[in-house]
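Here the structure is laid out as structure tokens; the discussion comes afterwards.
Treat the numbers as computed from the prediction; the structure is a model and nothing was measured. So you know, we letter chains A, B, ... as the sequences are listed, proteins then strands, and number each from 1.
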Amino acid sequence: MKLREISGSWCFLFSVVFIYLVLFVFNRESFFSGLNFFGQIIYKIIPIFVLVFVLMSLSNYFITPKFVMRHLGEKGFKRWFYVIAGGILSTGPIYMWYPLLADLREKGLSYGLIACFLYNRAIKIPLLPLAILYFSWQYILVLCFVMIFMSVVQGVVLNKLMEVAPLSVP
Amino acid sequence: MSFKNDKLIRQSVFRAAKGLWVAFPMILGTILLISFISVMVSKSFYISIFSKNIFLDSLIGSLIGSISAGNPITSYIFGGEMLGHGVGLIAVTAFLVAWVTVGIVQLPAESAILGKKFALLRNFTAFVLAIVVAIITVLILGVVV
């Protein structure tokens with residue numbers, strides 16, 4: 001493998017491993033304490049990762065861009081509902097959705113609804129088990145509700161700021 | 001089960017595995033880094049960054065979250081460990097929300113495809129809302145739980 005083919009993520013991992021190697025040479029006690037802490041975190045999250053993997057597979061199977069696009073064409077309040085649901089259920093990297101959203105914008109989807117969709121992408125159902133492990137289900141439940149509410153607030157504010165009235169999808 | 005459905009299931013599982021594999025070095029590196037920092041930096045240092053002022057703490061949390069990038073899993077692990085080090089829930093919440101709603105790294109792509117004005121306004125409002133969300137969430141939790 002050529003050096004330029006190694007992604008930034010792997011470079012990051014190698015850099016941290018290098019730090020540990022330096023630590024091993026100069027401060028062996030801290031090295032083993034760090035590894036012990038690392039082991040504790042890994043032990044805690046591995047079972048959750050299995051669940052995350054299953055949920056990600058299920059969402060990949062059921063939620064496709066075509067499925068989301070079909071439902072964003074709804075009218076009125078229903079449309080806000082589908083935009084929120086679409087944002088939450090959408091998978092893959094965020095930039096993958098930009099071209100689709102730009103296409104929907106040309107078809108009349110307001111900037112506010114696009115912002116609402118992007119905001120709700122922050123809520124990832126497959127990752128909730130891990131979030132609950134760290135923060136409790138009560139906290140995650142409240143956070144999700146507040147975020148969904150704020151996504152609509154952001155949508156309304158952005159519509160005003162962009163001075164674009166919501167348009168109807170033909 | 002039809003052949004087409006079989007293929008779709010395989011593709012879905014493959015995509016999930018690929019997604020986790022792409023995130024793997026970043027997650028592993030982050031956990032290693034957190035472990036390193038936990039050992040080398042004392043808890044009192046974390047507490048000293050945050051002043052226990054809800055607005056200032058949420059602003060700092062939102063700022064750190066905005067300039068950070070990566071899989072949300074990383075933010076949960078990092079946020080969880082921050083809590084363990086005595087950082088307040090408001091600051092951690094602002095950090096978590098800003099991490100996933102503000103996209104400084106994706107800003108050039110978002111500007112190019114959806115427009116500069118939209119991208120800047122969306123990210124700015126997301127930054128401000130991370131603070132609002134953090135305060136409201138913790139206030140509700142204080143009342144309900």
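- Put simply, the side chain of A/Gln138 never gets that close to the backbone of B/Leu141: no donor and acceptor are under 3.5 Å apart.
- Hydrophobic clustering, with ILVMFWY side chains joined whenever heavy atoms are under 4.5 angstrom apart, keeps A/Leu133 apart from A/Val50.
- Heavy atoms closer than 4.5 Å to chain B are found nowhere in A/Leu141, neither backbone nor side chain.
- Contact between A/Phe12 and B/Gly29 at its shortest, heavy atoms only, is CE2-C, 3.5 Å.
- Between A/Gln154 and B/Arg122 the shortest heavy-atom distance is NE2-O, 3.0 Å.
- B/Ser12 approaches A/Ser57 most closely through the heavy-atom pair CB-O, 3.4 Å.
- With rounding to the nearest 0.5 Å, the separation of CZ in B/Phe24 from CG in A/Leu13 is 7.0 Å.
- The hydrophobic clustering, which links ILVMFWY residues whose side-chain heavy atoms are closer than 4.5 Å, places A/Ile132 and A/Ile46 together.
- Only the side chain of A/Ile19 comes within contact range of chain B, with heavy atoms under 4.5 Å apart.
- Across A/Ser33, A/Pro126, A/Ser151, A/Ala131, the residue that shares the most heavy-atom pairs under 4.5 angstrom with chain B is A/Ala131.
- Within the 3.5 Å criterion, the main-chain N or O of B/Leu89 finds no donor-acceptor partner in the side chain of A/Tyr139.
- With a 4.5 angstrom heavy-atom cutoff, B/Ala17 touches chain A via backbone and side-chain atoms both.
- Test B/Ile136, B/Thr93, B/Leu139 against A/Val146 for side-chain contact (heavy atoms from CB on, under 4.5 Å) and you get one pass: B/Ile136.
- Hydrophobic clustering, with ILVMFWY side chains joined whenever heavy atoms are under 4.5 angstrom apart, groups A/Phe149 together with B/Leu129.
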Using side chain to side chain contact (heavy atoms under 4.5 Å, CB included), reason through B/Thr137 and A/Phe145 one step at a time and then give a plain yes or no. CA-CA 9 Å; B/Thr137 301; A/Phe145 274 115; over 6 Å; no

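- Judged by distance alone, with hydrogens and angles left aside, the side-chain atoms of A/Tyr20 form a donor-acceptor pair with the main-chain N or O of B/Phe36 at under 3.5 Å.
- Side-chain atoms of B/Glu81 and A/Ile41, non-hydrogen and from C-beta on, do get closer than 4.5 Å to each other.
- The closest side-chain heavy-atom distance from B/Thr125 to A/Leu161 is below 4.5 Å.
- Closest heavy-atom contact between B/Leu114 and A/Tyr111: O-CE2, 3.8 Å.
- When heavy atoms are compared at a cutoff of 4.5 Å, B/Phe14 does not approach chain A at all.
- No other option in A/Leu118, A/Ile42, A/Asn36, A/Leu35 has as many heavy-atom pairs under 4.5 Å with chain B as A/Leu118.
- Environment of NZ in B/Lys117: crowded, with over 12 heavy atoms of neighbouring residues, nucleotides or ligands closer than 6.0 Å.
- Here CG of A/Leu158 is found 11.5 Å from CZ of B/Phe124. Values are rounded to the nearest 0.5 Å.
- With a 4.5 Å cut-off on non-hydrogen atoms, B/Ile77 touches chain A through its backbone and its side chain both.
- Looking only at side-chain heavy atoms (C-beta outward), B/Leu83 and A/Phe135 come within less than 4.5 Å of each other.
- Residues B/Thr101 and A/Met147 meet the side-chain proximity criterion, which asks for heavy atoms closer than 4.5 Å.
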Run the numbers on B/Val39 and A/Phe32 for side chain to side chain contact (heavy atoms under 4.5 Å, CB included), then give the verdict. CA-CA 10 Å; B/Val39 169; A/Phe32 285 112; over 6 Å; no

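- Under a hydrophobic clustering in which Ile, Leu, Val, Met, Phe, Trp and Tyr are joined whenever their side-chain heavy atoms come within less than 4.5 Å, directly or via other members, B/Leu107 and B/Ile113 fall into different clusters.
- Within the 4.5 angstrom heavy-atom criterion, only side-chain atoms of B/Val132, from C-beta onward, approach chain A.
- Counting heavy-atom pairs under 4.5 Å between each of B/Leu121, B/Val138, B/Val128 and chain A puts B/Leu121 at the top.
- For B/Val100 against A/Ala122, the heavy-atom pair with the smallest separation is CG2-CB, 3.4 Å.
- The aromatic rings of B/His85 and A/Phe37 are tilted relative to each other, their planes meeting at an angle between 30° and 60°.
- Within the model, atoms OH of A/Tyr61 and CD1 of B/Ile9 stand 5.0 Å from one another, a figure rounded to the nearest 0.5 Å.
- Following chains of ILVMFWY side-chain contacts shorter than 4.5 Å, one cannot reach B/Met40 starting from A/Phe18, and the two form parts of different hydrophobic clusters.
- With a 4.5 Å cut-off on side-chain heavy atoms, A/Phe53 and B/Val13 count as touching.
- The choice from A/Asn120, A/Val17, A/Leu130 that makes the most heavy-atom pairs within less than 4.5 Å of chain B is A/Leu130.
- Across all their heavy atoms, B/Leu33 and A/Val16 have their closest contact at N-CG1, 3.8 Å.
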